[in-house]
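In what follows, chains carry the letters A, B, and so on, assigned in the order in which the sequence lines appear, proteins first and then strands, with residues in each chain numbered from 1.
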Amino acid sequence: MLTARCPRQTAESLFQMNILSELRDRFRPVLEQLTDDAESLLEMIRPSQDPRFGDYQANCAMPLGRVLKKPPREIAERIVSELNVGDLCEPPEVAGPGFINLKLKDAWIAKCIGDIAGDDRLGSEPVKNPRHIVVDFSSPNVAKPMHVGHLRSTVIGDAIARMLRFAGHQVTTDNHIGDWGTQFGMIIYGYRHFVDADAWQTDPVGELARLYRLVNQLTEYHAARESLPGIRKQLEDRRAALQQLEMDSQADDGSRKKQKKAMRRQIAELEERLQSLQARIDAVESSAELRNQAREHTDIARLSRLETSRLHAGDPENRALWEEFLPKCLEALQRVYDRLQITFDLTRGESAYHDELAGVVAELKDRGLAVDSDGAVCVFIDGNEAPFIVQKTDGAFTYATTDLATIAWRVRELQADEILYVVDSRQSEHFRLLFATADRWLEQPPSCRHVAFGTVMGRDGRPYKTRSGDVVGLESLLDEAVQRARPVVDANDDERDEPLLTEEDRRRVADIVGLGGIKYADLHHNRDSDYVFDWDRMLATTGNTAAYMQYAFARICGIFRRLGIDRSAVAASDGPVLLPTAEERTLALQILRFSEAVDDVLADYRPHLMTVWLFETAGCLSRFYGACSVRDAETPDLRNSRLLLCDLAARGIRTGLSLLGIETAEVM
RNA sequence: GUCCCCGUAGCUCAAUUGGAUAGAGCGUCGGCCUCCGGAGCCGAAGGUUAGAGGUUCGAAUCCUCUCGGGGAUACCA
């Protein structure tokens, strides 16, 4: 099996190397003769799950059989007889109820490998109709320190933005930070009453975080004390009711059983709430200082809300404090983003839209979309019980109003075609109402999409917290990741006869492995399921992890280094692509599927489909190593061909990881 | 109460959105090799896809009900 490599493609002559698209192009004219709706049937051409059924399969004969009222096998035979795929496939086979199985010719795979050998995009073609897509992600509240909850939005949003950009879309990443909300009133109040002047001088951001936590704690303390008697009463009532029910009913019928069950659950919930309220109260009362502060600031909740509304009303002193606090908060955020290598084109927080909110509400009312209801201004969307509140009884606007103003701005100023919100799935109702409102309000509403994701859980199956029950700060999380990655890096290098890494190298590699591990663990889960945060699995050197993938890359680099061969020289050389073994063929085909992986991710914004490709590629690579020696290849051509496969696999892995925001190291 | 999501191997997750015999990793057990980076490769065990009906050539996936878990639910963002 031997095929001459095509002449190098120039950068200008972009070509397509997407097997699925190619096959669909071949099927299209045939299917168009049979039906008006060829496109939906073309979707049914897909990679085979089982290699026994070839490389790809077309499942369109069965549904077509129903429409045309003919046996599906007969239709499949007809499609096959009219299909022109002789240059790329072995003769197609019809199997089962009417599956058409397609096996690619080795020669064609080899030719395609030759075509993409010099291509940095591995044959992934930029989209023909680029759109302007705003990706709204991360969006922390500035006065509060970032925590593990912000990680998913940040990592998933960044990966999606990178891939959209790679695919050729115009992308604007926008960090819609919370820089105008109630938390600012809280730190203003805290600053006025509790600031530690020395701490403020040396570590302003840390001091602001402390002030926020303090005010929050005191506020919750008073709220807890206030609600405690009510909860106790409820609990007693429930317990009494349950007892009554148990005495009344000798014979349990179904509904009574259910009632009791519901009651027990309510009791358990109340007990839990009572416990956590009590813990909050105890935390304050066990410290003399906090006890005093609580006594002196009984009205803290109302007063800090007042600070917020003063800020919004333009009070010069509060405004000055805000101006002073904000840059320091942004700096702290930037530190985290720098470490994660995440950038935003825009950081337009809520404050940027403040002046437009009154206009938004007025316009909604004029258009009859918003109405007064119980003193608040609301938009009601059919089919939703909950209102979309754009102005509260006290006259303040809500995040609903801000989000509407933001959409309008993005359409007006950015000419955005599409907006993606990478936000926790718990906010899906908000977005449903937001999008429905925007659709009715704007003349040319953009296409909006809530890219939702689940909660980060601990190993106990509950939301990830520290042992004391606090949320985990993001910076300490990143520190721990790097710290845990270091022994893994050390162990690998120490095993060598001659260690390759300097102290500085090791630090850098630990950074890459640790931070990559955190990102990869998040991204390799289907985004809408909750996922369990587990250090050991995250940094494992086996299995579907960043470390394993980074290792696969470094291993190839090591082979080239040991053989004294420059990788770029291999990609640029002209020589035949040879695929004599099953392992070489499988690896080659897998490499050609890179562009499918990019398409799959973007079809529904699911980065985990890229990790699937990466993991399968690494698997193909390992099997290839086992079966095919590069160094001891029988002929120079074969060796060169194998080097080319190695180089392409390495570049595929590096590119795939980089689209997920994950780095690689040539030596690790 | 209403609405939304979920339930797949011991554990963590997939399953190309209705396709063929439900797949990986970890863990367990058993093999391989003087192995270019073994962080490897091959194999085994492990499943009534929570349960019951239904739709059709075909269901983990769609519909109905039951059980179990989570979330949202009028002025926090």
Side-chain angles (χ1 to χ4, degrees), chain A residues 20 43-44 46-50 52-53 57 59 62-63 65-66 71-72 95-99 101 139 141 178 180-183 254 305 350 373-378 383-394 396-400 402-403 424-430 432 452 454-455 459 461 488 491-492 495-496 500 521 524-526 528-532 534 536-537 540-545 547-548 550-552 554-563 596 599-600 603-604 606 608-609 611-612 615-616 619 621-623 625-633 642 646 667-668:
Chain A
L20 261 181
E43 304 261 309
M44 306 186 79
R46 50 187 57 161
S48 299
Q49 298 242 2
D50 191 320
R52 283 182 303 126
F53 303 133
Q57 59 177 274
N59 302 338
M62 281 85 78
R66 200 171 321 179
F99 295 106
N101 292 336
S139 312
N141 279 320
W180 198 243
T182 46
Q183 82 277 12
R305 271 203 305 276
E350 294 168 334
S373 171
D374 290 351
V377 182
C378 306
N384 294 82
E385 213 173 298
F388 194 55
I389 300 176
V390 292
Q391 190 169 18
K392 300 190 286 182
T393 327
D394 65 2
F397 303 107
T398 68
Y399 71 126
T402 313
D403 280 352
D424 195 314
S425 58
R426 279 173 294 202
Q427 295 196 37
S428 59
E429 189 175 23
H430 166 72
R432 212 170 47 234
T455 311
R459 286 213 277 190
V488 178
N492 184 54
E495 253 176 47
R496 296 188 168 106
L500 293 169
H524 104 268
H525 291 89
N526 194 342
D528 41 29
S529 54
D530 296 342
Y531 95 93
V532 176
D534 182 337
D536 296 332
R537 261 202 300 272
T541 53
T542 59
N544 197 350
T545 65
Y548 176 74
Q550 288 162 327
Y551 177 78
R555 193 176 173 192
I556 300 175
C557 295
I559 288 174
F560 277 89
R561 196 168 49 245
R562 290 282 291 267
L563 296 179
E596 284 175 24
D599 291 351
D600 287 346
D604 200 28
R606 298 193 180 274
H608 84 277
L609 294 174
T611 70
V612 170
F615 189 60
E616 283 174 357
L621 204 52
S622 279
R623 268 163 262 141
Y625 278 137
C628 311
S629 175
V630 176
R631 184 190 53 198
D632 303 328
R642 287 176 177 172
C646 285
V667 186
M668 62 184 281

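For the C1' atoms, the distance from B:rC76 to B:rC62 is 38 Å, rounded to whole Å. Of the P atoms belonging to B:rA59 and B:rG18, the separation is 13 Å, rounded to the nearest Å. If you take atom C1' in B:rG51 and the same atom in B:rG58, they sit 22 Å apart, rounded to whole Å. Only the P atoms considered, B:rG23 is 14 Å distant from B:rG43, to the nearest whole Å. Atom name P, nucleotides B:rG27 and B:rG53: the rounded distance is 39 Å, in whole Å. Spacing of P atoms, B:rG7 relative to B:rA74, comes out at 27 Å, to the nearest Å. For the P atoms, the distance from B:rU16 to B:rC6 is 14 Å, rounded to whole Å. Remark: the separation of the C1' atoms in B:rU49 and B:rA15 is 11 Å, to the nearest Å.
Nucleotide B:rA14: unpaired (no Watson-Crick or G-U wobble partner with both distances less than 3.5 Å). B:rU56 is unpaired under the criterion used here, namely a Watson-Crick or G-U wobble arrangement in which both key atom distances are under 3.5 Å. Taking a pair to require two hydrogen-bonding distances under 3.5 Å in either a Watson-Crick or a G-U wobble arrangement, B:rG43 pairs with B:rC29. When both distances must be under 3.5 Å, the Watson-Crick or G-U wobble mate of B:rG7 is B:rC67. Nucleotide B:rC35 has no partner under the Watson-Crick or G-U criteria, as no pair reaches both atom distances under 3.5 Å. Base pairing analysis places B:rG1 opposite B:rU73; the two distances defining the Watson-Crick or G-U wobble pair are each below 3.5 Å.
In this pair, A:Y399 and A:H430 present their aromatic rings parallel. The plane angle is below 30°, not in the 30 to 60° band.
Among the protein residues, A:C646 comes within range of no part of the nucleic acid, since none of its heavy atoms lies under 4.0 Å from any strand. Nucleic acid contact class of A:A552 (heavy atoms, under 4.0 Å, all strands): none. Heavy atoms of A:Q49 sit under 4.0 angstrom from at least one base atom. A:H608 comes within contact range of the sugar-phosphate backbone alone, with a heavy-atom separation under 4.0 Å but no base atom that close. Contacts of A:D530 with the nucleic acid, taken as non-hydrogen atoms under 4.0 Å apart, involve only primed sugar atoms and P, OP1 or OP2. Within the 4.0 angstrom heavy-atom criterion, only backbone atoms of the sugar-phosphate kind lie near A:G543; the bases stay farther away. The residue A:C557 sits apart from the nucleic acid: no heavy atom pair falls under 4.0 Å. No contact: A:L563 has no heavy atom under 4.0 Å from any strand. Among the protein residues, A:P63 comes within range of the nucleic acid bases, having at least one heavy atom under 4.0 Å from a base atom. Within the nucleic acid shown, A:N59 comes within 4.0 Å of at least one base atom, counting heavy atoms only. Using a 4.0 Å heavy-atom cutoff across all strands shown, A:E429 reaches sugar-phosphate atoms only and no base atom. Using a 4.0 Å heavy-atom distance criterion, A:V630 is classed as a base contact. Residue contacts for A:S622: at a heavy-atom cut-off of 4.0 Å it reaches the sugar-phosphate backbone alone, with no base atom in range. Residue-level contact check: A:S428 touches neither bases nor backbone, having no heavy atom under 4.0 Å from any strand.
When all heavy atoms are compared, the tightest approach of A:E429 to A:A386 is OE2-CB, 3.8 Å. Contact record, A:T545 with A:R537: CG2-O, 3.3 Å, taken as the closest heavy-atom pair.
The OH atom of A:Y625 sits 13 Å away from the P atom of B:rA39 (whole-angstrom rounding). To the nearest angstrom, C1' of B:rA77 lies 8 Å from NE2 of A:H430. One interatomic measurement links the two molecules: CZ of A:R66 to C1' of B:rU55, which rounds to 11 Å at whole-angstrom precision. Between the CD atom of A:Q391 and the P atom of B:rA74 there is a distance of 19 Å, rounded to whole Å. Atom NE2 in A:H525 sits roughly 6 Å away from atom C1' in B:rU12 (whole-Å rounding).
Checking side-chain atoms of A:S622 against main-chain N and O of A:G619 turns up no donor-acceptor pair under 3.5 Å. Between the side chain of A:T402 and the backbone N or O of A:E350 there is no donor-acceptor pair closer than 3.5 Å. Panel note: side chain A:D534, backbone A:D536; a donor-acceptor pair is recorded below 3.5 Å. When atom types are taken as modelled, the side chain of A:Q183 and the backbone of A:G178 share a donor-acceptor pair closer than 3.5 angstrom. One N or O on the side chain of A:R642 and one on the backbone of A:S629 form a donor-acceptor pair closer than 3.5 Å.
Two residues are said to be in side-chain contact when any heavy atoms from C-beta on lie closer than 4.5 Å; A:L20 and A:P47 meet this criterion. Considering only heavy atoms from C-beta on, A:D528 comes within 4.5 Å of A:R606 through its side chain. Taking 4.5 Å as the limit, some side-chain heavy atom of A:I556 sits within range of a side-chain heavy atom of A:Y625.
Judged by atom type and distance alone, A:R606 reaches the base of B:rU17 through a side-chain donor-acceptor pair under 3.5 Å. Under 3.5 Å, the side chain of A:S373 and the base of B:rA74 form at least one donor-acceptor pair of N or O atoms. For B:rG25, its base never sits under 3.5 Å from the side chain of A:R537 at any donor and acceptor pair. A donor-acceptor contact under 3.5 Å links the side chain of A:R52 to the base of B:rU21. Donor-acceptor pairing under 3.5 Å, judged by distance alone, is present between the side chain of A:N101 and the base of B:rA20. Within 3.5 Å, no donor on the side chain of A:E596 pairs with an acceptor on the base of B:rU16, nor the reverse.
Regarding contacts with the backbone of B:rG37, a side-chain N or O of A:R562 is found under 4.0 angstrom from either OP1 or OP2. For B:rC36, neither phosphate oxygen OP1 nor OP2 lies less than 4.0 angstrom from any side-chain nitrogen or oxygen of A:S629.
The side chain of A:Y551 approaches B:rG37 more closely than any other nucleotide in the set B:rG37, B:rC13, B:rC41. Distance from the side chain of A:R623 is smallest for B:rC42 among the nucleotides B:rC42, B:rA39, B:rC36. Listed nucleotides B:rU17, B:rA77, B:rA20 differ in distance to A:E350; the shortest reach to its side chain belongs to B:rA77. Out of B:rG37, B:rA15, B:rG19, the shortest distance to the side chain of A:M44 is found at B:rG19. Minimum atom distance to the side chain of A:A547 is reached by B:rA39, of the listed B:rA39, B:rA77, B:rC3. Candidate nucleotides B:rA15, B:rA20, B:rU2 were compared by shortest atom distance to the side chain of A:Q57, and B:rA20 ranks first. Among the nucleotides B:rG71, B:rA74, B:rG37, the one closest to the side chain of A:P387 is B:rA74. Side-chain proximity of A:S529 to the nucleotides B:rC13, B:rA39, B:rA20 is greatest for B:rC13. For A:R631, the side-chain atoms get nearest to B:rC36 when compared with the rest of B:rC36, B:rC41, B:rC3. For A:D604, the listed nucleotide lying nearest its side chain is B:rU17; candidates were B:rC57, B:rG37, B:rU17.
Because its glycosidic torsion is within 90° of 0, B:rU17 is reported here as syn.
For B:rA20, the base is stacked against the aromatic ring of A:F99, per a cut-off of 5.5 Å between centres and 30° between planes.
When each of A:D528 and A:D632 is assigned the nucleotide of RNA chain B bearing its nearest heavy atom, the one mapping closer to the 5' terminus is A:D528.
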